[in-house]
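These notes concern the structure reproduced below.
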Amino acid sequence: MAIGFDKGFELHAQGMQLRAQRAEVIASNIANADTPGYKAKGMDFHKAMQQATQQQQMGMSKTNAKHFDVRTEINNNVSFRTPDQPDTGDGNTVDVQVERNLYLENSLEYQASVQFLNGKIKAMKNVISGGR
Amino acid sequence: MSLFNVFNITASGMSAQSMRLNTTASNIANADSVSSSVDETYRARHPVFAAAMQKAAAGQEANVGVQVLGIVESDKPLNVEYAPEHPMADQNGNIYKPNVNVIEEMTNMISASRSYQTNVQLAESAKNMLNKTLTLGQR
């Protein structure tokens with residue numbers, strides 16, 4: 001099939017999913033900006049995207065309640081950030097300014113993806129209706 | 001849908017910060033409450049924040065909200081003042097004032113309200129992202 005949703009939407013679907021996860025990571029950093037001992041986390045978007053496109057999700061299904069959850073999913077790319085300031089006094093490594101800017105950037109990129117998708121859907125509709 | 005989790009996280013942050021504002025307000029309001037014994041004197045109260053760890057400990061969940069573990073009373077020494085003419089003075093002529101540092105409380109208040117606002121903005125922006133997604137392909 002020449003036109004499929006997978007082909008038509010390209011990477012935007014995975015990209016948006018990852019962006020939503022990234023928004024969550026950054027939101028939890030900002031919410032914990034005053035929590036003593038909290039370590040800021042970040043997402044390696046490049047790696048996560050690569051994994052998402054190559055479908056590298058090894059998973060074992062759970063058939064019993066006692067089984068361990070052994071999924072290696074895309075949120076494995078979440079790791080701790082390297083703090084600019086070695087010691088803030090209470091062991092917290094969140095830099096609120098940096099996180100806010102990252103959140104803004106992330107949400108704009110998400111909305112850009114939405115816009116591209118809108119364009120693609122419009123194009124598909126146009127093709128389906130034969131330009132009428 | 002993980003964007004909805006942003007709301008849970010920001011909500012936990014907002015409630016923690018508003019509890020901080022509450023204790024600050026109570027500290028400032030009681031900054032001048034005089035009493036005649038050590039035991040009865042008001043002590044500065046502060047909330048203890050912690051990342052809500054139960055999810056993080058259970059599995060791969062990397063994103064956690066804030067939890068208020070409890071409220072602790074400051075164990076800084078009280079301000080003892082010698083004022084024999086004061087109606088609340090004890091046998092030795094001392095009155096006891098709370099160990100509230102008003103300047104500290106004011107900065108605490110500013111920090112709490114800024115953090116609260118940041119959380120509100122995050123929720124607002126997550127709402128915009130979701131709204132855009134809901135209207136996907138409708139035009």
Side-chain angles (χ1 to χ4, degrees), chain A residues 9 12 16-39 41-43 68-80 90 92 94 96-97 99-100 103-104 106-122 124-125, chain B residues 1-17 19-20 46-53 55-56 58-69 108 111-112 114-139:
Chain A
F9 292 158
H12 290 296
M16 276 167 71
Q17 210 179 345
L18 285 178
R19 295 251 176 249
Q21 274 180 18
R22 193 164 177 234
E24 209 186 315
V25 174
I26 300 172
S28 84
N29 283 344
I30 296 179
N32 282 295
D34 294 319
T35 307
Y38 181 86
K39 309 291 180 210
K41 296 185 200 99
M43 185 187 237
F68 286 119
D69 201 8
V70 277
R71 274 176 303 155
T72 53
E73 269 197 352
I74 27 188
N75 55 2
N76 269 4
N77 289 299
V78 175
S79 54
F80 290 112
D90 62 354
N92 188 305
V94 180
V96 181
Q97 280 74 28
E99 301 293 343
R100 279 187 70 161
Y103 191 89
L104 180 71
N106 189 55
S107 99
L108 282 177
E109 281 162 347
Y110 183 92
Q111 291 181 25
S113 268
V114 172
Q115 205 133 36
F116 280 124
L117 275 180
N118 261 329
K120 283 189 187 299
I121 291 170
K122 224 178 189 173
M124 277 190 190
K125 272 185 178 166
Chain B
M1 184 76 193
S2 47
L3 263 181
F4 285 111
N5 277 336
V6 174
F7 291 117
N8 293 341
I9 294 167
T10 53
S12 75
M14 279 154 72
S15 87
Q17 298 298 346
M19 184 167 288
R20 191 169 158 209
H46 296 116
V48 180
F49 288 179
M53 287 302 280
K55 257 202 219 157
Q60 286 87 3
E61 193 71 57
N63 315 307
V64 290
V66 194
Q67 203 183 13
V68 179
L69 281 186
N108 227 334
S111 167
R114 286 278 177 275
S115 297
Y116 189 94
Q117 284 168 19
T118 312
N119 276 313
V120 173
Q121 281 167 11
L122 284 198
E124 178 78 30
S125 136
K127 190 191 84 184
N128 283 337
M129 283 159 82
L130 276 173
N131 264 339
K132 286 259 170 69
T133 317
L134 285 174
T135 56
L136 190 63
Q138 284 189 358
R139 272 171 300 128

Between CE on residue B:Met129 and OG on residue A:Ser113, distance to nearest 0.5 Å: 10.0 Å
CG (B:Leu136) and NE2 (A:His12) are apart, to the nearest 0.5 Å, by 11.0 Å
Side-chain donor-acceptor contact under 3.5 Å, A:Gln111 with B:Asn128: no
Any donor-acceptor pair under 3.5 Å from B:Lys132 side chain to A:Tyr110 backbone: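 Side chain of B:Lys132 to backbone of A:Tyr110, a donor-acceptor pair under 3.5 Å: no, none is there.
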Taking B:Gly137's backbone N and O only, do any of them form a donor-acceptor pair with A:Asn118's side chain (distance below 3.5 Å, no angle check)? yes
Test side chain to side chain contact (heavy atoms under 4.5 Å, CB included) applied to B:Val66 and A:Tyr38, step by step: CA-CA 10 Å; B:Val66 194; A:Tyr38 181 86; over 6 Å; no
Give, as side chain, backbone, both or neither, the part of A:Ala23 having an atom under 4.5 angstrom from any heavy atom of chain B.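 Both parts, heavy atoms under 4.5 Å.
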Can A:Asn92 and B:Phe49 be said to form a side chain to side chain contact (heavy atoms under 4.5 Å, CB included), step by step? CA-CA 12 Å; A:Asn92 188 305; B:Phe49 288 179; over 6 Å; no
Between A:Glu99 and B:Thr118, is there a side-chain heavy-atom distance shorter than 4.5 Å?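 Heavy-atom side-chain distance check fails, nothing below 4.5 Å.
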Heavy-atom closest pair, residues B:Gly13 and A:Ala31: CA-CB, 4.3 Å
To check you understand the geometry: which heavy-atom pair defines the closest contact between B:Arg20 and A:Asp34, and what is its length? NH1-OD2, 3.0 Å
Chain B: which of A:Ile121, A:Asn32, A:Ile30, A:Val96 shares the most heavy-atom pairs with it under 4.5 Å?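 Heavy-atom pairs under 4.5 Å are most numerous for A:Asn32.
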Of B:Thr10, B:Asn119, B:Val48, the largest count of non-hydrogen pairs under 4.5 angstrom with chain A goes to B:Asn119
Considering residues, nucleotides and ligands other than A:Phe116, do more than 12 of their heavy atoms fall under 6.0 Å from its CZ? no
So for B:Ala11, is it side chain, backbone, both, or neither that comes closer than 4.5 Å to the heavy atoms of chain A? neither
